[in-house]
Amino acid sequence: MAGWLLKTEPTVYSYSDLEHDRHTVWDGVSNNLALKHIRQVRKGDLALVYHTGEEKAVVGIAEVASAAYPDPKLNDPKLLVFDLRPKRRLDRAVSLAEVKANDQLKDFELVRMARLSVMPVGDAVWKILMKMAGEKER
DNA sequence: GCCAACGTTGGC
DNA sequence: GCCAACGTTGGC
């Protein structure tokens with residue numbers, strides 16, 4: 001597992017907002033499978049930030065800045081959040097259309113499970129995405 | 001604005 | 001505990 005992919009609706013919270021804030025709490029996730037993934041995030045993990053809605057593209061890389069912990073604003077130990085810091089924007093955004101068009105990414109959760117908001121990104125997938133983004137390495 | 005895919009709820 | 005009905009999300 002190379003990292004994570006986090007979906008966000010840019011009109012609600014975009015990568016620019018993250019850059020502006022320098023540090024945010026990634027909250028609002030209630031889907032069970034997504035929460036299961038959050039339970040596994042570790043400080044220092046890298047995460048791709050994907051914009052849904054109008055954009056539908058992976059736009060940047062962020063770094064997980066804490067382990068998962070229950071949302072302090074809520075009273076439910078199951079609803080986990082974690083801290084996130086921006087790392088850098090991708091040289092070029094990788095659109096969902098491109099991801100779908102790539103045969104090697106057929107099994108990527110982003111394609112298979114449209115509604116999943118937090119998903120692991122395997123090493124192979126990560127590399128392919130980086131290449132598509134015009135990045136040399138992580 | 002529609003529909004597919006998935007999660008949740010509630011009746012049995 | 002099963003499953004149908006319903007709600008929500010996100011892509012088109």
Side-chain angles (χ1 to χ4, degrees):
Chain A
M1 215 277 300
W4 305 96
L5 183 138
L6 306 171
K7 276 200 209 170
T8 182
E9 169 56 59
T11 58
V12 177
Y13 196 87
S14 68
Y15 192 78
S16 303
D17 293 328
L18 179 61
E19 280 180 322
H20 177 259
D21 293 346
R22 294 303 305 161
H23 188 272
T24 195
V25 177
W26 203 259
D27 60 9
V29 177
S30 58
N31 175 280
N32 249 306
L33 185 53
L35 285 169
K36 195 177 133 196
H37 291 146
I38 287 184
R39 225 170 291 141
Q40 293 163 29
V41 304
R42 270 187 298 210
K43 192 175 173 181
D45 284 354
L46 294 179
L48 297 169
V49 176
Y50 172 84
H51 283 173
T52 56
E54 293 283 288
E55 278 188 64
K56 293 192 279 290
V58 181
V59 295
I61 302 177
E63 184 180 336
V64 175
S66 79
Y69 58 94
D71 192 334
K73 288 183 295 197
L74 304 171
N75 225 352
D76 188 339
K78 297 227 118 157
L79 297 175
L80 299 172
V81 300
F82 58 92
D83 297 346
L84 195 68
R85 267 199 283 269
K87 202 151 170 82
R88 64 169 188 275
R89 280 180 179 276
L90 295 177
D91 282 350
R92 51 177 298 277
V94 178
S95 72
L96 179 63
E98 291 175 79
V99 169
K100 285 198 160 171
N102 189 324
D103 244 20
Q104 295 170 279
L105 299 177
K106 248 200 205 107
D107 296 327
F108 185 27
E109 274 91 338
L110 184 63
V111 178
R112 278 183 34 232
M113 293 216 200
R115 296 178 50 194
L116 186 61
S117 56
V118 180
M119 67 193 77
V121 181
D123 249 326
V125 171
W126 188 284
K127 276 192 189 125
I128 295 164
L129 289 173
M130 286 303 106
K131 201 180 233 176
M132 290 167 88
E135 299 266 334
K136 277 137 215 121
E137 62 210 68
R138 302 191 144 199

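Chain identifiers are assigned alphabetically (A, B, ...) following the order of the sequence lines, protein sequences preceding nucleic acid strands; residue numbering begins at 1 within each chain. What you see is a predicted model; the values in this text were computed from it and never measured.
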Whole angstrom value for the distance that separates [atom2] of [N] from [atom1] of [X]:
X: A/Arg115; N: B/dA4; atom1: CZ; atom2: P; value: 14 Å
X: A/Leu116; N: B/dA5; atom1: CG; atom2: C1'; value: 12 Å
X: A/Leu110; N: C/dT9; atom1: CG; atom2: C1'; value: 14 Å
X: A/Lys78; N: B/dG7; atom1: NZ; atom2: P; value: 15 Å
X: A/Lys56; N: C/dT9; atom1: NZ; atom2: P; value: 16 Å
X: A/Leu79; N: B/dT8; atom1: CG; atom2: P; value: 11 Å
X: A/Arg112; N: B/dA4; atom1: CZ; atom2: P; value: 20 Å

Partner of A/Phe108 under side-chain contact (heavy atoms from CB on, under 4.5 Å), chosen from A/Val121, A/Ile128, A/Asn102: A/Val121
Under 3.5 Å, side chain of A/Ser66 to main-chain N/O of A/Asp83, donor-acceptor pair present? yes
On the 0 to 90° scale, with breaks at 30° and 60°, tag the A/Tyr13-A/Trp26 ring pair as parallel, tilted or perpendicular. perpendicular
So if I take residues 27-39 of chain A and measure heavy-atom distances to DNA chain B, which residues fall below 4.0 Å? A/Asn31, A/Asn32
A/Lys100 side chain near C/dG10 phosphate (N/O to OP1/OP2, under 4.0 Å): no
Under 4.0 Å between a side-chain N or O of A/Tyr50 and OP1 or OP2 of C/dG10? no
Joint cluster assignment, A/Leu96 & A/Leu105, ILVMFWY side-chain distance < 4.5 Å: yes
Please say whether more than 12 non-hydrogen atoms of neighbouring residues, nucleotides or ligands are located less than 6.0 Å from CG in A/Asn75. no
Test item: A/Val111 and A/Lys106 side chains (from C-beta on) under 4.5 Å apart, heavy atoms: no
